[in-house]
Amino acid sequence: MLDILYPRRCPVCDDVLPAGSECTLCIKCRNKVEKVIEPFCFKCGKPVGDSKREFCQDCKKKEYFYTQGRAAFVYDRYMKKSIAAFKYGGRREYGSYYAGEIVKRYGKWIENIGAQYLIPVPIHRERYRKRGYNQAKVIADDIGRRMNIPVLDGYIEREKNTEALKNLNEAQRISCLKDAFFVSESSKLLYRDLRCVILVDDIYTTGSTISKCAEVLKKAGVKKIYFLCACIGKDDQGGE
Ligand SMILES: [Zn+2]
Ligand SMILES: [Zn+2]
């Protein structure tokens, strides 16, 4: 009955799936989506395409405040469409597909980290009001359920309603994110004693958002910060 009212849909083409299915790719889309496979960057988990390279171009050049991170999908045109529907088209249920894939690929990695909490990257309250949910929290909740790790939400706050970062260059991103996140005085009491957490977000591109959140947590006293994302860009393969 629920399947008729709320049928499961393919997270890429949005076609209705056979009754009783999980939220998963339909037969047509199964080979379209590019999953992250090794070799990937030891630090951020971005595919590097060459097994002799330990780090991607970004991680070689930049300092990040997180320790390490992993993502399940390459942010290609299919996942772009999927994430857009997930964020702006009300297809909140796609989150369970992303989380399922993350856990399937990195369940062991997550277990080994032994994080005390998953922390979704916050969105600004105005955006939350419009969307009705924080997409990062949807993914974090689902991973948390599968891995039995509690989700800590609302302890980092997003001060500025930063415009979509995708159209900005690196310098603009950094200045846009400056002071974007903060931890309230009362939350600091909690963070002070945390050993290890995993930040969760939908997309990782340059890493500036995740690193900014990690910086805020680190300053509040969290010892180690990892991240998990549904999608990640490819290494730009810039000249060696
Ligand atoms: Zn499909
Ligand atoms: Zn990297």
Side-chain angles (χ1 to χ4, degrees), residues 3 6-87 89-98 100-102 105-106 109 113 121 165 170 173-174 198-215 224-240:
D3 271 350
Y6 305 105
R8 297 268 183 244
R9 288 168 183 277
C10 168
V12 168
C13 68
D14 205 44
D15 274 0
V16 171
L17 297 166
S21 327
E22 293 259 299
C23 184
T24 188
L25 297 174
C26 74
I27 296 166
K28 281 183 299 168
C29 295
R30 213 151 285 171
N31 296 320
K32 283 182 188 166
V33 168
E34 189 179 347
K35 292 177 184 171
V36 171
I37 49 163
E38 294 190 74
F40 46 68
C41 172
F42 181 74
K43 176 100 179 169
C44 73
K46 193 182 292 173
V48 290
D50 177 352
S51 56
K52 288 189 287 295
R53 293 172 51 201
E54 197 180 355
F55 297 106
C56 70
Q57 296 299 327
D58 276 347
C59 291
K60 251 194 267 176
K61 278 182 290 194
K62 293 186 221 164
E63 287 283 344
Y64 292 112
F65 285 90
Y66 63 80
T67 297
Q68 197 180 43
R70 294 292 177 254
F73 304 96
V74 174
Y75 193 45
D76 60 9
R77 63 190 173 107
Y78 298 110
M79 286 316 288
K80 265 182 195 156
K81 201 180 144 211
S82 180
I83 292 283
F86 173 56
K87 272 161 93 159
R91 289 281 183 248
R92 183 181 175 151
E93 65 268 30
Y94 289 180
S96 79
Y97 170 64
Y98 311 145
E101 216 35 59
I102 288 170
R105 309 181 82 74
Y106 304 114
W109 183 84
I113 285 170
V121 169
L165 295 173
E170 186 61 15
R173 272 174 204 246
I174 290 167
I198 304 179
L199 283 164
V200 179
D201 208 358
D202 52 345
I203 314 161
Y204 180 104
T205 47
T206 64
S208 36
T209 302
I210 290 281
S211 187
K212 200 72 212 174
C213 282
E215 182 183 359
K224 272 194 162 181
I225 300 123
Y226 293 80
F227 78 80
L228 283 166
C229 282
C231 302
I232 195 159
K234 263 189 166 174
D235 194 14
D236 65 7
Q237 309 285 348
E240 291 268 318

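Atoms within each ligand, like the ligands themselves, are counted from 1 in listed order.
The SG atom of C44, the Zn ion (ligand 2) and the SG atom of C56 define an angle of 110° (nearest 10 degrees). Between C29 atom SG and C10 atom SG, the angle centred on the Zn ion (ligand 1) amounts to 110° (nearest 10°). The angle C41:SG - the Zn ion (ligand 2) - C59:SG amounts to 110°, with values rounded to 10 degrees.
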Q: List the steps, then state whether side-chain hydrogen bond (donor to acceptor under 3.5 Å, both in side chains) holds for Y94 with D14.
A: CA-CA 10 Å; Y94 289 180; D14 205 44; 2.4 Å; yes
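The heavy-atom pair separating L228 from I102 by the smallest distance is CD2-CG2, 3.8 Å.
Side-chain rings of F227 and Y204 approach one another, their centers coming within less than 6.0 Å.
Ring-plane geometry between Y97 and F73 is classed as tilted, the angle between the planes lying from 30 to 60 degrees on a 0 to 90 degree scale.
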